[in-house]
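We use all heavy atoms of the structure for the numbers below, so side chains are in, but hydrogens, waters and symmetry mates are not. By convention in this document, chain letters (A, B, ...) are assigned in the order of the sequence lines, proteins followed by strands, and residues within each chain are numbered from 1.
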Number of protein chains: 2
Amino acid sequence: MAKPLDPSRLEPRKSPAQARSAATVGVILEAAARILEERGFEAYTTNEIARRAGVGVGSLYQYFPRKEAITRALIQRETAILLNEIADLGAEPSGRAGLRRLIQAAVMHQLRRPALARLLDFEERRLPLDADVANVSDTICSILEDLLGRPDLPAQSDPATVARDLLALTKGMVDSAGERGETAMESLERRVGRAVFGYLQMQLDEIAQAASFFKK
Amino acid sequence: MAKPLDPSRLEPRKSPAQARSAATVGVILEAAARILEERGFEAYTTNEIARRAGVGVGSLYQYFPRKEAITRALIQRETAILLNEIADLGAEPSGRAGLRRLIQAAVMHQLRRPALARLLDFEERRLPLDADVANVSDTICSILEDLLGRPDLPAQSDPATVARDLLALTKGMVDSAGERGETAMESLERRVGRAVFGYLQMQLDEIAQAASFFKK
DNA sequence: CTAGAATGTGAGCAATCGCTCACATCCGAT
DNA sequence: ATCGGATGTGAGCGATTGCTCACATTCTAG
C-alpha cells in the first residue's frame, strides 16, 4: 500500500529525477530570492515568483507544496553557506582566533545579500521551526559558548547569556551595516570585533574600568 | 472653495471633536497593537482590527484613510514615549551618565511590549518615511553623537559611525532579550553597558588590549 | 519507435483583502 | 423638542491571493 500523502509536508512533492527539473527548482528559488530582496514581502507571491522564474505556477507547486516551503528552502540554502564555514570552529584551540573567524563569517554572510539575509532572518522566527533542522541561532550559540571556554579568553560567569548577547549584538551591527549599504568588510569586522572583545573584557567594575581611560 | 482632499494623506480624515470619537481612535489603536503582538502581521487586517476593537470597519476608515495610517499612528504612539525620555539628554554634561540613561530608556522601551516594538521597528523601515517626522534612529544617533563628544568619554575618530554602531548593537541585544521573554531590566542594562562601554574603550590595538587580560 | 513516466502549463476557483457607501444613530447648540 | 453635524455601521465591491487540475509537452527505458 502506498504511503498516504501528508498534506502538511514541506518537502518537495517530487524529488527531481531529471536534470531539467533540478534546474527548475534552482530557477524558482533564485527568482524568489531576487523578488524578496528587490521588492520585499509585498511582491513575494507565488504567481509573481513563477512569472519571474519563467515557469508556470503549476511547476512551482510540483516541487513546493506551499508557499512557505519556498521560503524554508531559501533559508536553508542561504544558511548552509554560513553553517558550513563555521562547522569546524569547535576544533579551534584559540578562542580569539575562533571568535574572529566567526565574526568574519557573519559579516560575509550578511554583506553578500544584505536585504535577502535580513528578510529571511525575519521570516525564520515567524515560521514554525522544523524539529529535524535545529535553529541556526542555537547552533551558533553553542559554538560560541564553546569558544568562550578557551583559556585565552576571560572566563565568563554566564557563558550561555554571553553567547546570546554576542550573537545578538553582532546581528544588530551587521544588519544595520548591510541595510545602510556598507560593503567594506574589514571595517565592519573590526568594529564588530571592538564590540565583542570589548564586551568580554568589560566584566569587572565598569566604573573603575572607565576611570582608567583618564589615567592612561 | 473647499480645499481639495488629497487622497494620499495619512492624517486622520476627521479630527475627533467629541470625547466619544477620541476614545474610538484609542480603542482602534490598542486593538491593532494587541493583534500585532499576539498574532503578528498575518492577522493584522483592517477587518480584524475593527472586529477586535468592537467597531465597524467604517468607523476605522473615518479616522485612518488607509491601513498604513494605523501602523504609522502606532509607531508614533510607541515612539513618542521613548523620544520624550531622551529629549533632554543633550544637556547632560556627563557622557557616561547620558549613555546610561539612553541605554535604560532603550531597554525600557523594548521590554515594555517586546513583540510590538519589534514588529513596528520592522515596519518603520518599509514604510515611506514622512518628511515632517524624521526617522527615530537618526534622532537617537545625533543625540548619541553629541554625547560621544563629552570629555569623560574616549575620543572617537568617526563619531557618526560609532553612534550608528552603538545604536545597532543595542537594538540587537535588547531585541533578542525581548524576544526571549527576558524581563529583568537591570541585568540587560548592565550587559548592554558592557557592550557599549567595551566598544568605546576597545579602540587601541585590540590584540595588545586583549593580552593585558593575562597580566592582570 | 513507442509507451508511460516525468515535467511543465495557465485558466480559473475559493478565500480573503483593503476599502466604500448608503444609511442609522448619537449628541450638542439653539 | 428639534435639527444638523458628528459618529458609527456592515454588506459587499473589485482586486488579489494561494493553490488546483485537466491537459500539453518532453524525456527515458525497453
Quiz item: Looking at B:E186 and B:R190, does any basic side-chain N land under 4.0 Å from a carboxylate oxygen?
Solution: no
Quiz item: With a 4.0 Å cut-off on heavy atoms, is A:V55 in touch with a base, just the backbone sugar-phosphate, or nothing at all?
Solution: sugar-phosphate
Quiz item: Over how many whole Å does the gap from B:R20 atom CZ to D:dG5 atom C1' extend?
Solution: 11 Å
Quiz prompt | Any A:S59 side-chain N or O less than 4.0 Å from OP1/OP2 of C:dT9 | solution = yes
Quiz item: Can you tell me how far P of C:dA6 sits from OH of A:Y61, to the nearest Å?
Solution: 23 Å
Quiz item: Could you state the CD1-P distance from B:I49 to C:dG18, rounded to the nearest angstrom?
Solution: 8 Å
Exercise. Quick one: label A:T45 by what it contacts on the DNA or RNA (base, sugar-phosphate, nothing), any heavy atom closer than 4.0 Å.
Key: sugar-phosphate
Quiz item: Any chance the side chains of A:T45 and A:K67 put a donor and an acceptor closer than 3.5 Å?
Solution: no
Practice problem: Return the nearest nucleotide to the side chain of A:T46; candidates are D:dG8, C:dT20, D:dC19. | Solution: D:dC19
Quiz prompt | Carboxylate-amine/guanidinium contact B:R52 B:E48, below 4.0 Å | solution = no
Quiz prompt | A:D158/A:R164 ion pair, N-O < 4.0 Å | solution = no
Quiz prompt | Rounded interatomic separation in angstrom, taking OH from A:Y44 and C1' from D:dT16 | solution = 18 Å
Quiz prompt | Residue whose closest nucleotide on DNA chain D lies nearer the 5' end, A:E42 versus B:G58 | solution = B:G58
Quiz item: Rounded to the nearest Å, what distance is computed from the CD atom of residue A:Q62 to the P atom of nucleotide D:dT20?
Solution: 12 Å
Quiz item: Taking the side chain of B:N47 as its heavy atoms from C-beta onward, which of D:dG8, C:dT7, C:dG18 lies nearest to it?
Solution: C:dG18
Practice problem: Ignoring backbone atoms, test whether B:T24 places a side-chain nitrogen or oxygen under 4.0 Å from the OP1 or OP2 oxygen of D:dT7. | Solution: no
Practice problem: Give the C-alpha distance, both sets of side-chain angles, the deciding distance and a yes or no for side chain to side chain donor-acceptor pair (under 3.5 Å) between B:R191 and B:S187. | Solution: CA-CA 6 Å; B:R191 281 145 52 205; B:S187 165; 3.1 Å; yes
Quiz prompt | Nearest-Å distance for atom pair CD/C1', residues A:E48 and D:dC19 | solution = 16 Å
Quiz item: For the pair made of CZ in B:F41 and P in C:dG18, what is the distance, rounded to whole Å?
Solution: 12 Å
Quiz prompt | Nucleotide D:dT7, atom P - distance to CD1 of B:I28 in whole Å | solution = 12 Å
Self-check item: Closest listed nucleotide, where the reference is the side chain of B:S21 and the choices are D:dT7, C:dG8, C:dC19
Solution: D:dT7
Quiz item: Looking only at side-chain N and O atoms, does B:Y63 come under 4.0 Å of OP1 or OP2 in D:dG8?
Solution: yes
